[in-house]
Amino acid sequence: MSVDAGELRRAVRAGEVIPWYQPIVELATGTIQGVEALARWPRPDGMVPPDAFIPVAEADDLILELDLAVTRQALADLSRWQRLRPGFELNVNLSGRRLDSDAGVADLIAAVDAAGVTPGTVCAELTETARPVAADGGAAALDRLRAAGLPIWLDDFGAGHTSLQDVIRLPLDGIKFDRSFAGQLDLPRAEPLLGALTAAAHRIGLRVSLEGIETGAQAEAARRLGCDLGQGFLWSPPVPAQQVDGWLRASDG
Ligand code: C2E
Ligand code: MG
Ligand code: MG
């Protein structure tokens, strides 16, 4: 599906790019502790997946507008969800490009403040696609976000451009192992390596999540590794907001 930058800009401004949500599950208890907002663009010719339009937006500052538009909609949903389930959490994806923009960081903090949600319940996932150009790798900007009450998670850790250097130098609250690892857990080296990395992350005060969990056996392996949180098709693919309302009402009654 080809994506034209001008058409994408129009769609973002018209509110046509919307968040869908995937549950984030506490592995020890199996409860849904929150959701990750994932951008979707419904068009007459079909649903455009983020892999088709996020790179187009990240080619310039359109990604800042897109992320903010998706985040604002997600915050409105979160404030409704927190009336059903106090403390319910929201993860939003944060392009590294925002960390290079003082105004972009301030916009995100202002959007979270304006939403009136419980402090500390909105986490930012630093995606690996566009890295900050700042010499500190975005550390100062991340400090500002954390000081404003947003925990920071490093997304897609272990694949692509994320590195141990990010974990050493960036102020983080957690790491999300890249979803490709979930399908490799039966390889002999995977469990010992990911288990050791998880233990090391815990030692330095980070929480750990594994994405891409599709089977019960993978969830069981994630628990054995010591991961705190899990996410994947085993529990649910990303779904529209109304479906999350349905889950929360069902677990409320
Ligand atoms: P991500 O943030 O790592 O999100 C997880 C991706 O894994 C999602 O793809 C999700 O649908 C997919 N996934 C979840 N569970 C499973 C599973 O069990 N198996 C498999 N095979 N895949 C699973 P999605 O929604 O296509 O998003 C792709 C990427 O696009 C995201 O990866 C994120 O980096 C980026 N993205 C999505 N929405 C936004 C956004 O609003 N802003 C920014 N900056 N990036 C976004
Ligand atoms: Mg993410
Ligand atoms: Mg990820």
Side-chain angles (χ1 to χ4, degrees), residues 1 3 8 11-12 15-25 32 34-42 46-75 77 89-101 104 107-108 111 122-132 138 151-162 166 172 174-185 208-219 221-222 227 229-241:
M1 223 175 242
V3 168
L8 178 59
V12 167
E16 291 169 14
V17 177
I18 58 170
W20 278 26
Y21 300 96
Q22 187 175 40
I24 297 176
V25 174
I32 300 179
V35 287
E36 176 177 1
L38 292 155
R40 293 289 182 274
W41 182 12
M47 182 66 85
V48 190
D51 292 343
F53 63 83
I54 294 290
V56 175
E58 276 191 326
D60 73 24
D61 278 351
L62 178 56
I63 191 65
L64 300 188
E65 264 187 75
L66 188 156
D67 275 354
L68 201 59
V70 168
T71 297
R72 286 209 175 101
Q73 297 176 69
L75 286 164
D77 288 330
E89 294 182 11
L90 170 70
N91 282 27
V92 296
N93 287 288
L94 170 73
S95 167
R97 265 187 175 261
R98 184 172 302 280
L99 304 180
D100 285 324
S101 159
D107 286 344
L108 176 58
V122 180
C123 305
E125 296 187 5
L126 181 57
T127 61
E128 61 101 15
T129 39
R131 303 324 304 270
I152 308 292
W153 286 70
L154 185 62
D155 206 351
D156 306 330
F157 176 67
H161 302 295
T162 59
D166 291 331
L172 299 173
I175 57 174
K176 291 182 86 166
F177 281 124
D178 186 73
R179 62 183 181 268
S180 58
F181 294 119
Q184 296 182 317
L185 288 173
V208 179
S209 180
L210 177 64
E211 300 189 272
I213 295 178
E214 297 185 354
T215 67
Q218 290 169 359
C227 292
L229 303 175
Q231 200 175 328
F233 296 165
L234 171 64
W235 294 284
S236 171
V239 295

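Ligands are counted one by one from 1 in listed order, and the atoms in each one are counted from 1 as well.
- Taking every non-hydrogen atom of Thr127 and a distance limit under 4.0 Å, the qualifying atoms of ligand 1 come out as 34 (O).
- Looking only at protein heavy atoms, the nearest one to atom 26 (O) of ligand 1 is Pro50 CG, 3.4 Å.
- Those atoms of ligand 1 with a heavy atom of Arg40 less than 4.0 angstrom away are 11 (O), 25 (O).
- Closest approach between the Mg ion (ligand 3) and any N/O/S atom of Asp155 involves OD1.
- For Asp178, every N, O or S atom stays at 2.8 Å or more from the Mg ion (ligand 3).
- Close approach to Gly232 involves these atoms of ligand 1, each under 4.0 Å from a residue heavy atom: 15 (N), 18 (O).
- Ring orientation note: the planes of Phe53 and Trp41 are nearly perpendicular, at an angle over 60° on the 30°/60° scale.
- Interface atoms of ligand 1 facing Glu214, defined by a heavy-atom separation under 4.0 Å, are 17 (C), 18 (O), 19 (N), 20 (C), 21 (N).
- Here Glu125 does not reach the Mg ion (ligand 3): none of its N/O/S atoms is less than 2.8 Å from the metal.
- Residue Ile213 has at least one heavy-atom neighbour below 4.0 Å for each of these atoms of ligand 1: 18 (O).
- Any N or O atom pair closer than 3.5 Å counts here, and Ala39 shares at least one such pair with ligand 1.
- When distances to the Mg ion (ligand 2) are checked against a cut-off of 2.8 Å, Asp156 contributes no N, O or S atom below that limit.
- Between Glu58 and ligand 1, no pair of N/O atoms sits closer than 3.5 Å.
- The atoms of ligand 1 that sit less than 4.0 Å from any heavy atom of Asp155 are 1 (P), 2 (O), 3 (O).
- Every N/O-N/O distance between Gln231 and ligand 1 stays at or above 3.5 Å.
- One of the N, O or S atoms belonging to Asn93 lies under 2.8 Å away from the Mg ion (ligand 2).
- Protein heavy atom at the shortest distance from atom 32 (O) of ligand 1 is Arg179 NH1, 3.9 Å.
- Of all N, O or S atoms in Glu36, the one lying closest to the Mg ion (ligand 2) is OE2.
- Nearest protein heavy-atom contact of atom 46 (C) of ligand 1 is Ile54 CD1, 3.7 Å.
- Using a 4.0 Å cut-off between heavy atoms, Asp156 contacts ligand 1 through its side chain alone, with no backbone atom that close.
- Close contacts of ligand 1 with Glu211, meaning ligand atoms under 4.0 Å from a residue heavy atom, involve 3 (O), 4 (O), 5 (C).
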